[in-house]
**Student:** 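Please find one structure pasted underneath; my questions will follow.
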2 protein chains.
Amino acid sequence: MSPQDLAAPLFRKLEAIATVPDDDKALLRKLRIATKHLGPGDNLVVAGDKPQFSALLISGMLCRYDVVASGARQIMSFHLPGDIPDLQSVFLRTMDHSVAAIGPATVGLIPHEDLHHVFERSFHLASVMWRETLIDSAIFRQWIGNIGGRTAIVAMAHLLCELVARGLSVGLIDDDMKFRLPLTQQDLADALGLSLVHINRTLRQLRRAGLITWEPGLLTVLDWPGLQAAGDFDPAYLHLIKR
Amino acid sequence: MSPQDLAAPLFRKLEAIATVPDDDKALLRKLRIATKHLGPGDNLVVAGDKPQFSALLISGMLCRYDVVASGARQIMSFHLPGDIPDLQSVFLRTMDHSVAAIGPATVGLIPHEDLHHVFERSFHLASVMWRETLIDSAIFRQWIGNIGGRTAIVAMAHLLCELVARGLSVGLIDDDMKFRLPLTQQDLADALGLSLVHINRTLRQLRRAGLITWEPGLLTVLDWPGLQAAGDFDPAYLHLIKR
DNA sequence: CGCCCTATTGAGGGCCCTCAAAGCTAGTGG
DNA sequence: CCACTAGCTTTGAGGGCCCTCAATAGGGCG
């Protein structure tokens, strides 16, 4: 795969949220990107690491997580192709959480040095990427409200809505509303702070309500407006409209 | 109060996390800052607003919050003097949450235009502020783990630890470990996603364990290491060490 | 003094947890 | 081709953490 192809998911993502002039694209094409493959559950970085690279997700799915004293794994975000989940490590040297693959994934490692160079050369690109990290923040905030203020079934519907809305925005879902997700029910449990058993019962409720079907690796949305209503979902926080 | 005095909490905050050269300080001193006073509960900005200013908190306390469908208020962060909680609105035009005062507060409103000018002139300052928003992100992530993965008493201890650690870093707490906080128990309930009644019982447990005393408006930490242990607290995520 | 907001305590109930066991699917190797 | 294993999913039963409803007490302020 050529460097251009590697950067393609990044362009698609950036153009979903901002306008990217040609000279900025030229700068991005000069980034040195080293491909790396990850197996299911493999850690990309671990809390305490001081990485010299940030990872652009090319295919598959990543999550950020941390482990609390009780031993529970708390997932704080899921990432789709085009995301750079640990972009923060350019400015915060020590990782305060871990990043791992959900299912098999391919990432492109970009040296911090290169990113720093790009940001200094183009304040516009820096601000687009800054904006990117601020949208991450908005997603974290929503996640807090989801876990703290909603019941299991509403929270589950909201989480699925977020994934679908983001998947739609980067073209991962066709009109058939089928979404290939390597998530296990344990992953959902760790994300919502609920038990595996309760996740299973909650998914069954959503299935019986005719909103979704769930097979391992494949989410199908049967009633998109209905799912959004069930999840108290308003996509405004994803800031998908270009400024 | 002169502009220099207004910017003082900002300098203190920035110097807690980074080195700020004199020419950057000069840039910051040129910011137009308009003072505004808020009463308890007053909204600074509301979800859906498109503000033209960002607010530097000068004195008092702010929180970010959102209201979910059930009517519950979910607080996603507390802010201390020196914070700029809605700095994001420079890059994300529409607010996806609200910011309100906890108790009486004074803020300095800074035009987005001025901030943009500063960021373009000094990439170093932009990156320090970017870093600032990334630390906010880290706090959100920790908050997710706190609500999703910890029991009420551990979560409460953790939240208090975070406030104390941040208060210490900006000089709001003396050696006596007494911290003036205008928080009510309802605020803590909205922050932790728990009921007011349970907050009250949880605080009583922490008091009886000899870790803190709690009077309305005044938190006293009796056993700082003990509180950190009770809260499963590791301050690394606050990134208080200068890079 | 009376009002309002906050804090405190009791009692009963529900959402979600833990423990446990069985079914299902895919991959492996004989 | 099929036994075997490992991981994920599904379902049942009982229990605990935290919720809601309710009432009293306390404190600041006009």
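Just so we're clear, the structure is a prediction, and the values are computed from it rather than from any experiment. Lettering follows sequence order; numbering is per chain, from 1.
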**Student:** Counting any heavy atom closer than 4.0 Å, what does B/G41 reach on the DNA or RNA strands: base, sugar-phosphate only, or nothing?
**Tutor:** nothing
**Student:** Please check if any side-chain donor atom of A/D187 sits under 3.5 Å from a side-chain acceptor atom of A/Y65, or the reverse.
**Tutor:**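 Looking only at side-chain atoms, A/Y65 and A/D187 do not form any donor-acceptor pair under 3.5 Å.
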**Student:** In whole Å, I'd like the distance from the CD atom of A/Q185 to the P atom of C/dG23.
**Tutor:** 18 Å
**Student:** Given D/dC19, D/dT11, C/dC17, identify the nucleotide with an atom nearest to the side chain of B/L194.
**Tutor:** D/dC19
**Student:** Under 4.0 Å between a side-chain N or O of B/R204 and OP1 or OP2 of C/dT9?
**Tutor:**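 So the side chain of B/R204 is within the cut-off, an N or O lying under 4.0 Å from OP1 or OP2 of C/dT9.
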**Student:** Look at the side chain of B/S98 and the backbone N and O of B/A47, then say whether any donor-acceptor pair between them is shorter than 3.5 Å.
**Tutor:**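 Checking the backbone N and O of B/A47 against the side chain of B/S98, a donor-acceptor pair under 3.5 Å is found.
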**Student:** Specify the separation, in whole Å, of atom CZ of A/R207 and atom C1' of D/dT9.
**Tutor:**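 The distance from CZ of A/R207 to C1' of D/dT9 comes to 9 Å, rounded to the nearest Å.
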**Student:** Can you check the B/I147 CD1 to D/dC19 C1' distance for me, whole Å?
**Tutor:**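 That distance rounds to 16 Å.
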**Student:** Do B/D136 and A/R141 sit within salt-bridge range, that is, some charged N less than 4.0 Å from a carboxylate O?
**Tutor:** no
**Student:** Short of 4.0 Å, heavy atom to strand atom, which residues of residues 150-161 of chain A count as contacting DNA chain C?
**Tutor:**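 Here the set is A/T151, A/A152.
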**Student:** Using a strict cut-off of less than 4.0 Å between a Lys/Arg side-chain nitrogen and an Asp/Glu carboxylate oxygen, indicate whether A/R64 and A/D83 qualify as a salt bridge.
**Tutor:**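 Salt bridge between A/R64 and A/D83, a charged N being under 4.0 Å from a carboxylate O: no.
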**Student:** In terms of heavy-atom contacts, does CD of B/Q52 have more than 12 from other residues, nucleotides or ligands at under 6.0 Å?
**Tutor:**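 Open: at most 12 neighbouring heavy atoms sit under 6.0 Å from CD of B/Q52.
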**Student:** About how many Å separate CD1 of B/I139 and CD of B/Q142, when rounded to the nearest 0.5 Å?
**Tutor:** 9.5 Å
**Student:** Going by heavy atoms closer than 4.0 Å, what residues in residues 67-79 of chain A are next to DNA chain C?
**Tutor:**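 Residues of residues 67-79 of chain A that come under 4.0 Å of DNA chain C do not exist, since none gets that close.
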**Student:** When we call it a touch if two heavy atoms are under 4.0 Å apart, what does A/T184 touch: a base, just sugar-phosphate, or nothing?
**Tutor:** sugar-phosphate
**Student:** Rounding to a whole Å, what distance do you find between B/D187:CG and C/dC5:C1'?
**Tutor:**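 In whole Å, C/dC5 C1' and B/D187 CG are 12 Å from each other.
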**Student:** Have B/H239 and A/D96 got a donor and an acceptor in their side chains that come within less than 3.5 Å?
**Tutor:** yes
**Student:** Expressed as a whole number of angstroms, how long is the span from B/W214:CH2 to D/dG27:P?
**Tutor:** 17 Å
**Student:** Nearest of C/dA7, D/dT9, D/dA13 to any side-chain atom of A/R201?
**Tutor:** D/dA13
**Student:** Check every strand shown and say whether B/G217 touches a base, only sugar-phosphate, or nothing at a heavy-atom separation below 4.0 Å.
**Tutor:**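 Nothing, no heavy atom under 4.0 Å.
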**Student:** What is the separation between atom CD on B/Q186 and atom P on C/dC4, rounded to the nearest whole Å?
**Tutor:** 19 Å
**Student:** Using whole Å, report how far CG of B/N200 lies from P of D/dA25.
**Tutor:**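 To the nearest whole Å, that distance equals 16 Å.
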**Student:** In whole angstrom, what separates B/I199's CD1 from D/dC17's C1'?
**Tutor:**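 Result: 14 Å.
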**Student:** Using only atom types and a distance under 3.5 Å, with no angle test, would you say the side chain of B/D223 pairs donor to acceptor with the backbone of B/G226?
**Tutor:** yes
**Student:** Donor-acceptor check, side chain of B/N200 to backbone of B/V197, threshold 3.5 angstrom: yes or no?
**Tutor:**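 No, the answer is negative, given that no donor and acceptor are paired below the 3.5 Å cut-off.
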